[in-house]
Amino acid sequence: MPKTRNKLATDFVNSTETISSSLTRTTSKYFSSKTSVIETNKLNKSSSLSKTVTLKTARKHTNIEAEESSINISANTLEKRFDKEPPIPPVGWEEVYNAIKEYRKNIIAPVDTMGCERLADEPSDNITPQTSRFQTLVSLMLSSQTKDHVTAAAVQNLRQKLPGGLNLDSMIQANEKFLDECISKVGFHRKKATYLKQSAKICKEEYGGDIPNTVEGLKKLPGVGPKMAYLCMQVAWKQNEGIGVDVHVHRITNRLGWCNTEKAGPEATRKLLESWLPRSLWYEINPMLVGFGQTTCFPQYPKCSNCPVKKMCPSANF
């Protein structure tokens, strides 16, 4: 994390004090992320409330957008920079992390009951470990651009309608059009039906009927991206190789000021988080923040008034 971060945070706090009579936004010791600027722009377009006008004024006054553009960097650039300058964890991140974690204990989100780790059958006398792992992979492939409850329904459809149940052989033998009908409610279902057939065939021919056991192998499967690969390693293979960064994790960590990678994308967010977040938290941060994003920290109109870290979040908006 660049050394200019503290200076920017200080400038931001000082500037808001000069307009405190009209500004209703909460600021903190954390650096204000690019995401907060984008959320402000959205609010300015959709509402005529004076609060959004003052937020826009504050943004112009502090000139954060111009300064921060220089540190909104790509994933590859991050790796090179880390070799020269080890990143510094954001100030107070543990307090924020623990507050959200405690809050999530009492808030049930869709990911808690219908996330990828919940959809596969547990190995048993009738379900082999290979089949369980394959079901996890299928769940993840279906989950892209799809709500959890829709993904869960599609997996259940496959489990019930495929002859022999949801396993590698039944997927290979099934007609692609039939697969498409079974998963028709998920996003990009036609492409996913094709990807499922192709991936099942690759697993059968190249991996002995099992799914790949490396991130690199998983990412080579049609329709499998980095987020799916890291989550699959954690859930299916019980190996903690990296953080699964989806849209919720990407959005929230930028809002909290933990990352400045809003434009650089989820992969840059993953690499930045992994550079300072303890490895022991790499698994739990995904479901924790996904659930937080599903119930509280929405993409639009987040419930900041109910947020457990509203006084510590630079993007809090009341």
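Basis for what follows: all heavy atoms, side chains included, without hydrogens, waters or symmetry-related copies. One is the number of the first residue; the rest follow in order along the sequence. This structure is a prediction, so every number in the text was calculated from the model and none was measured.
- K227 is not listed as a side-chain neighbour of V245, based on a closest heavy-atom distance of 4.5 Å or more.
- A salt bridge does not link E274 to K271: none of the charged nitrogens lies less than 4.0 Å from a carboxylate oxygen.
- The one candidate from M171, E176, K191 that meets the side-chain contact (heavy atoms from CB on, under 4.5 Å) condition with L196 is M171.
- Of all non-hydrogen atoms in G244 and N286, the two that sit nearest each other are O-ND2, 2.5 Å.
- Considering every non-hydrogen atom in both A174 and L162, the closest pair reads CB-CD2, 3.6 Å.
- For the residue pair D148 and Q294, a side-chain donor N or O sits within less than 3.5 Å of a side-chain acceptor on the partner.
- When every heavy atom of P89 is checked against every heavy atom of W276, the shortest pair comes out as CG-CB, 3.8 Å.
- Side-chain atoms of N240 come within 3.5 Å of backbone atoms of R279 as a donor-acceptor pair (strictly under, hydrogens ignored).
- Within 6.0 Å of NZ in K219 there are more than 12 heavy atoms belonging to other residues, nucleotides or ligands.
- Remark: of the listed residues I252, V249, V111, I252 is the sole one forming a side-chain contact (heavy atoms from CB on, under 4.5 Å) with F292.
- Using a 4.0 Å cut-off between charged side-chain N and carboxylate O, D112 and R104 make a salt bridge.
- Between C203 and P212, the shortest heavy-atom distance links the atoms SG-CD, 4.0 Å.
- K204 has a carboxylate O that lies under 4.0 Å from a charged side-chain N of D169, or vice versa, which qualifies the two as a salt bridge.
- Of all non-hydrogen atoms in S132 and P123, the two that sit nearest each other are OG-CD, 3.8 Å.
- The side-chain contact (heavy atoms from CB on, under 4.5 Å) test with V155 is passed by exactly one of L119, V150, I183, D121: L119.
- Just one residue in the list S199, C232, C116 forms a side-chain contact (heavy atoms from CB on, under 4.5 Å) with M141, and that residue is S199.
- Between the side chains of Q239 and Y230, no donor-acceptor pair is found at a separation under 3.5 Å.
- When atom types are taken as modelled, the side chain of T136 and the backbone of A236 share no donor-acceptor pair closer than 3.5 angstrom.
- Counting only distance, with no hydrogens or angles, the side chain of N254 and the backbone of E262 share a donor-acceptor pair below 3.5 Å.
- For G242 against W282, the heavy-atom pair with the smallest separation is CA-CE3, 3.6 Å.
- Between the side chain of T146 and the backbone N or O of G187 there is at least one donor-acceptor pair closer than 3.5 Å.
- N98 contributes a side-chain N or O that, together with a main-chain N or O of E94, makes up a donor-acceptor pair within less than 3.5 Å.
- Remark: the T131 side chain and the T128 side chain contain an N/O donor-acceptor pair separated by less than 3.5 Å.
- Side-chain N/O atoms of T269 and H250 include a donor and acceptor closer than 3.5 Å.
- Surrounding OH of Y207 are more than 12 heavy atoms belonging to other residues, nucleotides or ligands, all under 6.0 Å away.
- A donor-acceptor pair under 3.5 Å links the side-chain atoms of T295 to the main chain of G291, judged by distance alone.
- Checking D210 against Q130 by side-chain atom types alone, no donor-acceptor pair falls below 3.5 Å.
- The pair R270-E267 meets the salt-bridge criterion, since a charged nitrogen lies less than 4.0 angstrom from a carboxylate oxygen.
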